S.K.: 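After the structure tokens below, expect a handful of questions from me.
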Amino acid sequence: MTRLVVADPAVRDRWPGRLLLVRPDQLVAWQSAGEVSDWDGVLDRVTGCPSRIT
């Protein structure tokens with residue numbers, strides 16, 4: 001995974017969320033308007049595969 005910070009407000013305003021998870025084929029897999037406390041949950045959701053065994 002690579003974190004990319006976009007400083008240009010004109011570019012940021014075109015995205016629907018503050019945080020985006022972009023797939024390798026350039027489609028947005030997930031977005032959020034605010035901070036995330038459960039990244040494992042986000043990855044579980046976009047991959048369909050739970051990261052923790054209960």
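FYI, side chains are in, hydrogens and waters are out, and symmetry mates aren't considered; it's all heavy atoms of this structure. Please read all numbers here as calculations on a predicted model, not as lab measurements.
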S.K.: I would like to know whether Leu19 and Trp30 meet side chain to side chain contact (heavy atoms under 4.5 Å, CB included); could you show each step before the answer?
M.R.: CA-CA 8 Å; Leu19 300 172; Trp30 173 89; 4.0 Å; yes
S.K.: Asp38 vs Asp44, test: side chain to side chain contact (heavy atoms under 4.5 Å, CB included). Steps then yes/no.
M.R.: CA-CA 10 Å; Asp38 181 18; Asp44 288 351; over 6 Å; no
S.K.: With hydrophobic residues grouped by side-chain heavy-atom distances under 4.5 Å, do Leu20 and Leu4 end up in a single group?
M.R.: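 Linked within one cluster.
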S.K.: Return all side-chain donor-acceptor pairs below 3.5 angstrom for residues 5-15, not counting sequence neighbours, or 'none' if the list is empty.
M.R.:
residue : atom : partner : partner atom : Å
Asp8    : OD1  : Ala10   : N            : 2.9
Arg12   : NH1  : Val6    : O            : 3.2
Arg12   : NH1  : Ala7    : O            : 3.3

S.K.: Shared ILVMFWY cluster between Val46 and Leu27, side chains joined below 4.5 angstrom?
M.R.: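 Different clusters.
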S.K.: Hydrophobic clustering (ILVMFWY, side-chain heavy atoms < 4.5 Å, transitive) - are Leu43 and Val36 grouped together?
M.R.: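 Linked, Val36 and Leu43 end up in one cluster.
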